[in-house]
Each structure stands twice: as C-alpha cells, then as structure tokens.
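Some notes on the structure that comes next.
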There are 2 protein chains.
Amino acid sequence: MEKKSIKDVAEKAGVSTALVSYVLNNRMQGRISEATAARIRKAAKELNYQPNRIAQSLKLQKTRTIGLIVADITNTFSSQIARIVSEEARKKGYLVIIGSADEDAQKCAALIELFLSRQVDGFIIAAADNTEAQLKKLLKQKVPLVLFDRYFPSLKANAVTIDNYRASCTVTEHLIAAGKKRIGIIAYETGLFHLQERLRGYKDTLQQHRLAAPASLTGFVNIDNIEQDVARALDVMLSSRGRADAIYFTSNKLAVAGLKVLVERNIAIPGTLAVVSFDESDSFDFFHAPLTYVKQPLAGIGSEVVSMLISQMDMPASKITSKVLDAILVARASSQPS
Amino acid sequence: MEKKSIKDVAEKAGVSTALVSYVLNNRMQGRISEATAARIRKAAKELNYQPNRIAQSLKLQKTRTIGLIVADITNTFSSQIARIVSEEARKKGYLVIIGSADEDAQKCAALIELFLSRQVDGFIIAAADNTEAQLKKLLKQKVPLVLFDRYFPSLKANAVTIDNYRASCTVTEHLIAAGKKRIGIIAYETGLFHLQERLRGYKDTLQQHRLAAPASLTGFVNIDNIEQDVARALDVMLSSRGRADAIYFTSNKLAVAGLKVLVERNIAIPGTLAVVSFDESDSFDFFHAPLTYVKQPLAGIGSEVVSMLISQMDMPASKITSKVLDAILVARASSQPS
DNA sequence: TTGTACGCGTTATCAC
DNA sequence: GTGATAACGCGTACAA
C-alpha cells in the first residue's frame, strides 16, 4: 500500500516510464499500440497509481495552484468568496490556497511571499489598504494576478468589481424616495478606492437632491477601533439638533457594530431611523427588522475572477481586462417608511 | 527580476550549489569558512533568492503542507478552526490547505484523494458521517492523521475532542436547575458518535432526575431537510399536551433554524420556553434574548490538533494519543427563569 | 569544498 | 509504426 510511482507502473506493464506517461496523459495517440496502452492503463489502475503532482509541478514549472488572499476571512463576504473560488478552481483542475490579510499590509506581503515560495501560478487578491507597492511588484514580475472587491485605479491589473459609486447612489436614492431628509453615513477612514467611491456616491446623490450633508452626518471610523468610533459617530448623528432619520453603513461590519449601539440606545428601526447596510451578515438573521442591504453577486465575482486568472495564465501576453458586475439593493423593512 | 535558482547564487558567489544549500540551511556550521558563508549569504540576498519549495519537497519527500478537512466551512465552528489551524501551522512552518466536505462522504473522499495527490504530509479531519472506511484506509497507509470534533470510537486514530456526553449533561442539569421539567431536544438523525453522545447525555441526565423523556420531546432532523424537520419537531413539542418548557438544540445550525420557527410561532423566550444551543452562531447576535450555549475551546482544539499532527509526522512510530478538552456552558438570558 | 546521484514525472531524440 | 533512452526541473546530501 505504499505510494506507487510511474516506475512501478512501467515495470508491471513491462514498458518504459515514458510510455506510461504518454498513455496516461493521452498524448501521442496512434503512436502507441492499443494493446500496450490497455496494458498500461490496467497496471496503473491495479496499482492505484496517482501521479506525484510535486514532480509534475517541478518539471512543468506549473503547480496548478492559485493563491487567494482575502481581506478578512471572518467576514462572510470573504468566506463566501473563498468557497466559491475554491470550487470554481477545482472544477478547472486548480487548487486554491487561502490566506487572510486581516486588512493588514504587512500580513498581505507575508502571504504573497509565502505563496510565491510555494510557486503558485497566480494570485486572486482583495487588496488591503496600502498594498499598492506590493501589487505593483507582482505585476512587474509578471505574476498573473486578478484583483477583486478592492482595486486601485492607478494599477494596471485585471480586476473584477462592482460599481461602488452607483451602488451608493442607489442606496441614497432609495432612502430619499422613502422620504428621508437627513441621511447619515458611517464609513471607514481609508485610502481604499472602492470605499471612497461609496462615500462619493452618497455625497453626489444628496447634492443632486439638494439635501444637506453636514459633517455631523458623516461618521468616519478607524478600522482598529470600530466599536467606539461607530458609537461616537452615531451619538453625534442622533443628538437633538439635526437628528438623522436614516443611516447608511458602508460595510456589514460597521452595520453590526452600529446596530448594537442603536439597540442599546433604544432607537426604533425603522420607526425613527431607517438603516441600510452594504453586504450581508449572519447577524442580521434575527434583527427585529429585516435589513435592507446591498447584495453583491458573489457567485459571479467568484467565477469571473477564476476564469479571468486562468485565461491570463494560459496567455501571459493577454492584455489587462476589468469587469464590473452589478450589485443589487435588497430593500426590506429596515429602510421602509414606518 | 526573473526567479533565481540556487545555481544563480552559486555562480554569483563563485562556489558550488552544494555549499549554497549548506549555508542557507545553516548546516555543517564550522566546516565552512565564515568568509565564503558571508559571500554566499550576500549573493543570495542580492539576488533575492528564495528556494523553490517544489524542488525541496520533491527531494525531501515532504511538502510541509497539511490537509485540513472541515465538516462545513460555512459554519462558524469550521471557519474559526480553519483560521486557528492555519495560523498555528504557519508558525511552525507548515501551509494548510482547506477543504470542506459539506457533510458528504463522497466529497470527503474526493478531498482526501486530491490532497494525497498533492502529497500533503498529514491530515486534520472533522469526519463526515460514513467516512470510517476512508479514514481506516488512510491509517493503513500510515498517513499521519488527527481527527477533531467528530471521531469514531472504533478507529485507532489521534483525536482532539470535547466530552460531548458530559457537556450535554451540563446543559440538561442547567435547565433542570432552572426549574424546567419538560425539556425537549432537537438532534440530527446521524451515525456520528459525538452527536449520539450529546443525545445520550441528555437522556441519562433526565433519567437521573426522574424526568420524562417521551418521544414527543425528542426531535430527529435529517441534515438534508433541516428547516422542515425542525419546524415539524418543534410543533409537536409545542402542541398542547405535555408542552415543552425548554429546548436543547444540539448544534448551532439547528438552533438557528429552530429559533426562526419559534419567532414565527410567537413563542416567548425565555418566558414560555428556555433555549440552549450547542456552539455559537453570528445569528445569535441580535436575537432578542442572549443565547445560552456550549462554547468549545476553539483555540485549544486548533493548537492541539496541529501540534499533535506535527509530532506524529516527526515520529511516525509514535503511538496514538487522544485528548479531551473541556467545553463551557455559557449561561445567558435564553435559559434563565423568567 | 565539490561533484553528482538522487526524488518523479515529462518530453525531445534516437532506435528498431 | 512502436518503443526506449536520457536530459531536464531544482534543491539536498552523500561520497570523494
């Protein structure tokens, strides 16, 4: 029951190892007599031979392995994407190794190094803040790469994203249509483009509707201090003067933190305050009011990202492509007029 | 910026590849002049040389890769374990590749094959139902293996578990102490030992306290039909005659499904019904009553499982060990006397 | 310190 | 037409 090598199969079939390789890979058909081919296949099956992928990889200079780096694996968005990407890649004969950068540029760099030393064929990355330099280095080394979720306009890399600006516009329009006039936003203090886009969509839409967007209705949150920052920002928005009548959380994590505060403060949702979140969270399951949220096309992102990377790997000279998928606003009770 | 090999370093330093290997691996210290060693290290750094782990693996017949197979990656329990195991293994120089068996014996077998063909050094597995035969095969092939969460008493394999029987006793005692007399249980229809143990702990404890455990208070759920089965079981338990005053969900997934039903039926928790869950779920975040649940020592399981596997890999002849960690009952409002 | 035979497949080249 | 030989890929570690 020891692991068998191609040599074992060759001996059992009474041929050279070369022939075994040819037959099992269905190459050089016609150049090999069907009789010996059958003998080889039989021997391989009887020995339960499985080619050693390490040896294959060394020879072929390809591991058929993809490195996936997500922003934060504890976030449903990331774990869902990881599941979908793994499955899509498996269908195409690739193995995915997963790393979580935990929104940290250092960790991201370490993961890239780790995966490179393991000779991954390509990367799928949801970039953390301040990782542009690392990504640029990868691109310079011509490592196949596809970005998703987050991306840098300055970077000439393949990317699969949604239109964060437009999604935010939709959210804001939705709240305005529900009669809200003092719409607050909770956003990260970040250099990440896609998050800035969410903020921009909100601001532009308000302006377009001649609605105020005072600083008191814009809450910036430091990612390392979410709970306190969210609480502080909400308390400002809910203070007597110019009290907010709606709040748009630009991420699910912000929404969870925010909703906990709102529950503590006994704020009626959607009665006195409408709420919208970007992305889902399992936590929403039992929130008393079903939550309105922006739903990203996870399956689409996952499959697109994989096929884009594979085509890049197959034709290294192919040019950069970027694809924008549509997000959907799922309107539910939390943002409806009560 | 092309990838450098050991040969490049050797040439640049004007030595043989053997020396480079020795120096970079800190072998044969003293037998190599410090001057050339320094020259080699300098050359390696300048070329940004990273050894090709594929070649290393082929030569050493070790990949320093661990295959982790979890039951269901969408479950918090699994994803947390995956995160912890990956991190623990990384600290010790191992890479973890993750697969989700989705509670399916076929998928589990496919993952084992996939990982074996990738020459993982060992496995960490939360076994799905009906996978005993596959695991036995692995053991026969002397593949290092550690089981966790689920295990088979008949299998002589390393294992890290909790005492499910005792945890269930604790849950039941807790409910009894809270004055509950008609305690229902929702459990999977399964051959998995650890789940049967949970049921056994509940039954024994009831019997010990001379409390009834009629069939109407025991709900069996098929894993492929959770929603309906849970709803049906709960409706029986809540029917007028001999109505349950407490319910013990033997998994977080069952609890989530069950709580949705209970909310629909307008059952007051803990007012008319106390509830306990095994394991947590993000969904519990906003359930109106904080949920009492059995908390498993995830960090402990994760680190133990990794160190157990590594010691097994380092000394293949070492004998089977199994470790039982303690679970804690986190008592909160959902099971307190109202 | 160095040469080189490994590990295990793949594939170009050579032989009958 | 059929098949074998051998040179890779890249580190490692033994013999010299």
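Proteins get letters first, then strands, A, B, ... in listed order; numbering begins at 1 in each.
Proximity of a side-chain donor or acceptor of A:T131 to a complementary backbone N or O of A:A105 within less than 3.5 Å is not detected.
Taking a heavy-atom distance under 4.0 Å as the criterion, the stretch of DNA chain C touched by chain A extends 5' to 3' from C:dC8 to C:dA12.
Where A:G30 and B:R27 meet DNA chain D, the nucleotide closest to each residue was compared, and A:G30 sits on the side nearer the 5' end.
At a cut-off of 3.5 Å, with distance as the only test, a side-chain donor of B:D129 or B:T190 sits close to an acceptor on the other residue. Checked by atom type, the side-chain pair B:S33/B:T36 shows a donor-acceptor distance below 3.5 Å.
No side-chain heavy atom of A:I97 sits under 4.5 Å from any side-chain heavy atom of A:I66. Put simply, the side chain of A:R118 does not reach to within 4.5 Å of the side chain of A:T65, judged on heavy atoms.
No cation-pi contact links B:R27 to B:Y22, judged by a cut-off of 6.0 Å to the six-membered ring centre and 45° from its axis.
Between B:E34 and B:R41 a salt bridge is recorded (basic side-chain N to carboxylate O distance below 4.0 Å). Salt-bridge check for A:R83 with A:E87: failed, with every basic side-chain N at 4.0 Å or more from each acidic carboxylate O. Ionic pairing of A:D102 and A:K107 is present here: one or more N-O contacts between side-chain nitrogen and carboxylate oxygen are shorter than 4.0 angstrom. Remark: B:E103 engages B:R150 in a salt bridge, criterion side-chain N to carboxylate O under 4.0 Å.
Under 4.0 angstrom from either OP1 or OP2 of D:dC10 there lies at least one side-chain N or O belonging to A:Q61. Side-chain nitrogen and oxygen atoms of B:S21 include none within less than 4.0 Å of the OP1 or OP2 phosphate oxygen of D:dA13.
Remark: C1' of D:dG9 and CG of B:D8 are 13 Å apart, rounded to the nearest angstrom. When rounded to the nearest whole Å, the span between CG of B:L47 and C1' of D:dC10 equals 16 Å. When rounded to the nearest whole Å, the span between CD1 of B:I32 and P of D:dA13 equals 13 Å. In this structure, NZ of B:K7 is placed 12 Å from C1' of D:dA7, rounded to the nearest angstrom.
Annotation: proximity of residues 49-60 of chain B to DNA chain C (heavy atom, distance under 4.0 Å) is found for B:A55, B:L58, B:K59, numbered in ascending order.
Using cut-offs of 30° and 60° on the angle between ring planes, the pair B:F123 and B:F115 is parallel.
Contact annotation for A:V15: backbone-only contact, meaning every heavy-atom pair under 4.0 Å involves sugar-phosphate atoms and none involves a base.
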Using a cut-off of under 3.5 Å, enumerate the N/O to N/O pairs linking the protein to nucleotides 14-16 of chain D.
unit_1, atom_1, unit_2, atom_2, d
D:dC14, N4, B:Y22, OH, 2.6

